[in-house]
Amino acid sequence: MTVRTRFAPSPTGFLHIGGARTALFSWAYAKRNQGQFILRIEDTDVERSTPEAVQAILDGMHWLGLSYDEGPFYQMQRMETYKKVLKTMLDAGTAYHCYSSKEELDTLRETQMQQGAKPRYDGKWRPDSGKILPEVPQNISPVVRFKNPQSGLVAWDDLVKGRIEIANAELDDLIIARADGTPTYNFCVVVDDFEMGITQVIRGDDHVNNTPRQINMLVALGATIPQYAHLSMILGDDGQKLSKRHGAVSVMQYHEDGYLKEAVLNYLARLGWSHGDAEIFNMQQFCEWFDLDHITPSAAQFNTEKLNWLNAHYIKEANLEVLADDISARLQSNGLQANIYAGHGASNLTAVPDLKSVLNLYRERANNLNQLAKDVVYFYARPQANIVDIEKHITPEVKPALQKLSQQLAVINWSAEAIHHEINAIVTEFGFKFPKVAMPLRVMLTGTAQSPSIDQVMAILGQKETLARIESFLS
RNA sequence: GUCCCCAUCGUCUAGAGGCCUAGGACACCUCCCUUUCACGGAGGCGACCGGGGUUCGAAUCCCCGUGGGGACGCCA
């Protein structure tokens, strides 16, 4: 049987890190088994579902490259199907109408809670054989409830948590269609997973408690039961639960915050899953390795430091062309693009080194794309305002050496080696240590005291621009 | 409250009864490299929640505690 997995988010917000991992695992499992991955939007909660959220989810998946083979299917567009199944169940007696009002149910729940009991439906309208039902009230549209078995055990072998058993006595008759006729979550999931031929349901473990109900319904429909894999949750960096008001952010936020998707993907893959000692691997490798046997059943805490480490790795590995495009976009959206060309007064546009070679030099030290973009801006524009401790570096003592160096640099063949040689000559001549000359150069040329090797910086900056920048400080 | 789930370094994890003196990675510390900051390299610190069993032998299996989490909606 071909493997068919699905990701079924409800469009009530963006795609957060937990959802992204669930999607990633479902996707990888399908890929690993040459199966299909299906995207299904669970939008039956009309109140909270929004088209913006749908788009946000689609955007997130697109950024991460989690492509689906079928879908997106929208549950709101499948009403006819649900109604049909609903009618079948009503006719078969596996579902029934319930006229209890919300208020009635609320008080019932309250009383039960107070008595320390598990809140549950009391079965008032459940049509058991030999039971006389209350008279049907007028002007009340009923909800539909599933007639859950009252005895026995529901059990399944969870692919990550192992065998789970729950007594039917713990379950009550859940509402599968609202008073207005729209079906509810647990029912739609069952119908869809069945009709879409889902073979493995990979989802968050907040659904463990829904599983026995869903299995019962599947059984009532004569469906084959899929396998279930319940993933534990992802905790925030501080070990706290992620929620809207605490730490939960869109995966797209990681893009904005300067992370490469490769880093996010690799990080997420290792969060709750492992393959021996493997830490760094691409998605192709992941899809070959991925299995459900090596998923941790316990919750995992998000660790930004490790994400940063992976990000640094992938920035170094990135295709230069792609990296340059990304950085360009960041500069543009931050209004920094202009700075590159504004440059220093003496700059000449055609002499400006191309972004790729600058990035190639600077990316070695970066673990974040936004930071890298900033470094690049400094390199090109060298904003005077940001130069720190200028007097500390360009002391009266070194100034003559710098002047002499400037003259020498003007007449050499421009290369990192030649520049390095020239600096060494000056250093020796004046009896300085290398940093004594290198540091002021660094500050003059890049505006900061931290930069790649100064000779390499000069080499790509170009002779003309280098000399111009030095001159502007010495005159 | 009831039911369900979980428990190895600070964090992510390896671990399927002897391969464990518990391995790797991030972080941290030290040293090396060095032209600053990084990168890189070499070391170091650091964990089986507690108690009972089972067994010749338990991180691993069982039970009981403890701690954490989840679920109990006409939300998904």
Side-chain angles (χ1 to χ4, degrees), chain A residues 8-12 42-45 47-49 75 98 100-102 105-106 109 112-120 141-145 158 160-162 164-167 169-172 174-186 188-189 203-212 230 232-233 235 237 239 241 267 270-280 293-294 296-310 312 316 362-367 375 393 420 423-424 427 433-439 441-443 446 448-455:
Chain A
S10 65
T12 55
E42 313 220 319
D43 53 358
T44 53
D45 183 357
E47 299 284 303
R48 298 196 301 152
S49 298
Q75 291 187 322
C98 165
S100 295
S101 68
K102 270 183 198 174
L105 261 18
D106 284 345
R109 214 180 343 259
Q112 288 167 328
M113 287 284 244
Q114 264 164 20
Q115 291 169 348
K118 189 168 183 159
R120 59 215 315 254
S141 12
V143 298
V144 179
R145 286 185 187 269
D158 197 276
V160 350
K161 295 193 188 280
I164 298 178
E165 292 180 346
I166 288 164
E170 292 295 329
L171 275 22
D172 64 356
L174 77 160
I175 293 171
I176 59 179
R178 304 180 179 90
D180 67 5
T182 57
T184 60
Y185 166 76
N186 273 297
C188 296
V189 167
R203 62 186 2 170
D205 72 356
D206 46 333
H207 288 293
V208 166
N209 293 277
N210 289 324
T211 308
H230 287 100
S232 58
M233 53 186 302
L235 272 22
D237 229 334
K241 188 193 172 181
Y267 180 73
R270 272 293 281 111
L271 203 54
W273 176 84
S274 62
H275 184 79
D277 288 340
E279 293 288 350
I280 292 178
D293 300 334
H294 292 83
T296 326
S298 54
Q301 192 171 317
F302 195 88
N303 185 224
T304 308
E305 296 289 353
K306 191 160 183 179
L307 208 212
N308 288 341
W309 171 70
L310 282 166
K316 287 192 200 82
Y362 272 82
R363 67 165 162 181
E364 285 301 317
R365 63 214 310 99
N367 67 2
D375 290 345
H393 296 290
H420 193 256
I423 297 176
N424 263 333
V427 163
K433 295 241 189 241
F434 200 97
K436 187 114 182 173
V437 173
M439 287 309 289
L441 284 174
R442 202 184 309 284
V443 171
T446 70
T448 77
Q450 294 88 245
S451 82
S453 296
I454 197 62
D455 48 359

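Since the structure is predicted, the reported quantities are computational estimates derived from the model, not experimental observations. Protein chains get the first letters and strands the later ones, always in sequence-line order, with residue 1 at the start of each.
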Under 4.0 angstrom, heavy atoms only, what part of the nucleic acid is [X] near: base, sugar-phosphate, or nothing?
X         : answer
Pro119(A) : base
Lys161(A) : sugar-phosphate
Ser232(A) : nothing
Ala300(A) : sugar-phosphate
Glu279(A) : base
Asp455(A) : base
Thr304(A) : nothing
Pro452(A) : base
Val143(A) : base
Lys433(A) : nothing
Asp237(A) : nothing
Thr296(A) : sugar-phosphate
Gly272(A) : sugar-phosphate
Ser298(A) : sugar-phosphate

Pairwise [atom1] distance for [N] and [M], with rounding to whole Å:
N      : M      : atom1 : answer
G50(B) : U30(B) : C1'   : 36 Å
A14(B) : G24(B) : P     : 15 Å
U54(B) : A58(B) : C1'   : 10 Å
A59(B) : A16(B) : P     : 12 Å
U2(B)  : C49(B) : P     : 26 Å

Just how far is it from atom [atom1] of [X] to atom [atom2] of [Y], taken to the nearest 0.5 Å?
X         : Y         : atom1 : atom2 : answer
Asp375(A) : Gln450(A) : CG    : CD    : 9.5 Å
Met439(A) : Leu441(A) : CE    : CG    : 10.0 Å
Asn186(A) : His207(A) : CG    : NE2   : 9.0 Å
Ile454(A) : His420(A) : CD1   : NE2   : 11.0 Å

When you check the phosphate oxygens OP1 and OP2 of [N], does a side-chain N or O of [X] lie under 4.0 Å from one of them?
X         : N      : result
Lys241(A) : G70(B) : yes
Thr448(A) : U36(B) : no
His294(A) : G15(B) : yes
Ser453(A) : U35(B) : no

Query raised in the report: Taking the side chain as C-beta and beyond, is there a heavy-atom pair between Tyr267(A) and Thr304(A) under 4.5 Å?
Result: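 The answer is no; the side chains never approach within 4.5 Å.
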Nearest whole angstrom, please: distance from the [atom2] of [N] to the [atom1] of [X].
X         : N      : atom1 : atom2 : result
Asp43(A)  : A76(B) : CG    : P     : 10 Å
Asn308(A) : C26(B) : CG    : P     : 13 Å
Arg203(A) : C4(B)  : CZ    : C1'   : 14 Å
Arg109(A) : C72(B) : CZ    : C1'   : 9 Å
Arg48(A)  : A76(B) : CZ    : P     : 8 Å
Gln301(A) : A25(B) : CD    : C1'   : 16 Å
Gln450(A) : U35(B) : CD    : P     : 17 Å
Leu271(A) : U11(B) : CG    : P     : 13 Å

With the side chain of [X] defined as its heavy atoms from C-beta on, choose the nearest nucleotide among [options].
X         : options                : answer
Asn209(A) : G69(B), C4(B), C74(B)  : C4(B)
Arg270(A) : A76(B), U35(B), G24(B) : G24(B)
Met439(A) : U36(B), C26(B), G69(B) : U36(B)
Glu170(A) : C5(B), C3(B), G24(B)   : C3(B)

**Report entry** NZ/NE/NH1/NH2 to OD/OE distance under 4.0 Å, Arg120(A) and Glu170(A)
**Finding:**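 No, this pair does not count.
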Report task. State whether the distance check finds a donor on one side and an acceptor on the other, under 3.5 Å, for side chain Arg442(A) versus base U35(B). Result ->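 Result: at least one qualifying N/O pair found.
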Query raised in the report: Since syn is defined as within 90° of 0, does C28(B) count as syn or as anti?
Result: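 Judged by the O4'-C1' to base torsion, C28(B) sits in anti, the angle falling more than 90° away from 0.
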**Report entry** Least distance between heavy atoms, Lys161(A) atom then Asp205(A) atom
**Finding:**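 Scanning both residues completely, I find the closest heavy atoms to be NZ-OD2, 3.1 Å.
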